[in-house]
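Each remark here refers to the structure printed beneath this line.
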Protein chains: 2
Amino acid sequence: MLKEERQQVILEKLGTDKKVTLVDLGQILNVSYDSVRRDVIELEDRGLLKKVHGGAIAHSYLAMKSSKGLGVVNTEFVTIAKKALKLVENNKIILMDGGTTNFYIAEQLPKNLEVTVVTNNPHLATVLSEHPKIEIILLGGSFYKRYQITLGSKTIQDLENIQADLYFMGTNSISIESGLAIRHYEESILKQKMMSISRKTIVCALEEKINREENYKVCNFTDLDCLITSLNSSDDQLSGFWNKGVDIL
Amino acid sequence: MLKEERQQVILEKLGTDKKVTLVDLGQILNVSYDSVRRDVIELEDRGLLKKVHGGAIAHSYLAMKSSKGLGVVNTEFVTIAKKALKLVENNKIILMDGGTTNFYIAEQLPKNLEVTVVTNNPHLATVLSEHPKIEIILLGGSFYKRYQITLGSKTIQDLENIQADLYFMGTNSISIESGLAIRHYEESILKQKMMSISRKTIVCALEEKINREENYKVCNFTDLDCLITSLNSSDDQLSGFWNKGVDIL
DNA sequence: AATTATTTTGCAAATATTTGCAAAATAATT
DNA sequence: AATTATTTTGCAAATATTTGCAAAATAATT
């Protein structure tokens, strides 16, 4: 097996699972841990993943590449996407950012739905191309390779004359005290702008994002209209989130 | 067995398997590893594959559908792309539209090249993401599903304050009498705008596009700065194209 | 603080590549 | 048709790369 093949497998697995351990990779690829470790180091040098103690985690870039079409279905994403679908109605203008969940929402949208989707995520535009009746507006600007989205002042300017009905926002962290925050400054500004031009903001948050903290704050929890998670309403992690004027699905 | 035959076999195998090892090739072709190695080196020089330790892997565009059938390398595209590369220099602003050749150019660009690429083609942005030093500006606007590009007045407006050095234009047809023309009205307008903001316009035209005619005219032949084809200079099809002030490669 | 897991480092064996060379095959010239 | 030049091919020696291992160092966990 060629080194490049192995690295390809690593990236694919990362694209679907978000994280891998070196032990797993060694078994899957049937080479020593030293070899996979060296592969992972090379891939990190090329900026394609982030190496951590014991394994590696994906840049969202990879998710974009492999989520379209093949790949293992991540049930948590699907659960969230299904809930999100209920909020979508014909003839609405929907804003979708670079959040991974948005891919799953896009894939699940009914084929005959007539809406306009505005997005800064080109890969989302590709996925939505399968829907004949959806109109797609792509936001221009500087293309940020790592997250595979457009960003910057041009992107914000493009939003100036748009009024959206729903905004499906992705986030890296959400908590009662610190609100919503993400890892990238410019993107946090963009998300604020997106909120400001949308009638409703809906956050889709994986379990792991809840009660975490990140560097760049986007908004307070109470600024949201709706939070969608895969947790049940009885779950402890959600205890502080109720009765704050935010719908929780 | 002729060298060319062997190389053909290598490319075909690469087209289906995406990767080959030199050991396998040596056995299949029944020549020494030195010979297959030399073949692979030649093919790499021609931009038809990527050589790696122990074998070779296909370029990602190998999988792209071509008139010659799926999985077959379209050498014509690669030939044109190779010629186009010579025009690209560091620190230039390069405009690339939705032309198919632009994928090949993008993939063949040197990894250390420092340029800015402006494009209305999101898939091109993805391909260019592999180049760490290339800055990418994506043009916003209505996303036209069929061609997977952004189009319309917003896209044209985005070009307003940009001055590009080179514009690599794709076309559906080119002839002396009718000039350049394509099949889509809105796109023809966009191409005109793109020409107007670029110091040089280079057209990459497949053999089959030459001396054809299409519905929406973009410009006259003499408005171009350079025409790149895979034909040789002696070819009849090009007879009328010379001495019009347009470089022909 | 002790235990366990992971990483780093240097090393040796296996494998692959590069280089120059000579023989064979092919193409060009007389 | 014979000679000459050029290209192709396989080989062998010198290098370089990859791989797995083991010991030491470091990080994470209990």
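Throughout, a chain's letter reflects where its sequence line sits, starting with A, and its residues are numbered from 1.
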Trace of the side chain to side chain donor-acceptor pair (under 3.5 Å) decision for B:Asp97 with B:Tyr167: CA-CA 8 Å; B:Asp97 65 14; B:Tyr167 168 26; 2.8 Å; yes

d(CZ, B:Arg38; P, D:dC11) in whole Å: 11 Å

A:Arg6 side-chain N/O to D:dT19 phosphate OP1/OP2 under 4.0 Å: yes

Pair A:Asn172, A:Glu214: side-chain N/O donor-acceptor within cut-off below 3.5 Å: no

Euclidean distance, atom CG of residue A:Asp39 to atom C1' of D:dT17 [Å, nearest integer]: 13 Å

Integer-rounded Å distance: C:dT15 P and A:Met1 CE: 18 Å

Nearest-nucleotide comparison on DNA chain D, the residue closer to the 5′ end among B:Asn30 and B:His53: B:Asn30

Sugar-phosphate only, base, or nothing, as touched by B:Val36 at under 4.0 Å among non-hydrogen atoms: nothing

Flag if over 12 foreign heavy atoms under 6.0 Å of CG, A:Asp45: yes

Donor-acceptor pair present, B:Arg37 side chain and D:dG10 base, under 3.5 Å: no

Rounded interatomic separation in angstrom, taking CG from B:Asp34 and P from C:dT17: 10 Å

Under-4.0 Å side-chain N/O to phosphate OP1/OP2 contact, B:Ser32 with D:dT9: no

Protein-nucleotide distance (A:Leu25, atom CG; C:dT7, atom P), rounded to Å: 11 Å

B:Leu29 CG to D:dG10 P, straight-line distance once rounded to whole Å: 10 Å

D:dA22 pairs with, by Watson-Crick or G-U criteria that keep both distances under 3.5 Å: C:dT9

Distance, rounded to the nearest Å, where B:Ile41 contributes CD1 and D:dT7 contributes C1': 16 Å

B:Lys3 vs D:dT7: side-chain N/O to OP1/OP2 distance below 4.0 Å: no

Whole angstrom value for the distance that separates P of D:dA12 from OH of B:Tyr33: 14 Å

Parallel, tilted or perpendicular, as decided by the 30° and 60° cut-offs, for the rings of A:Phe103 and A:His123: tilted

Side chain of A:Lys51 (C-beta onward), nearest among D:dT9, C:dT7, D:dA12: C:dT7

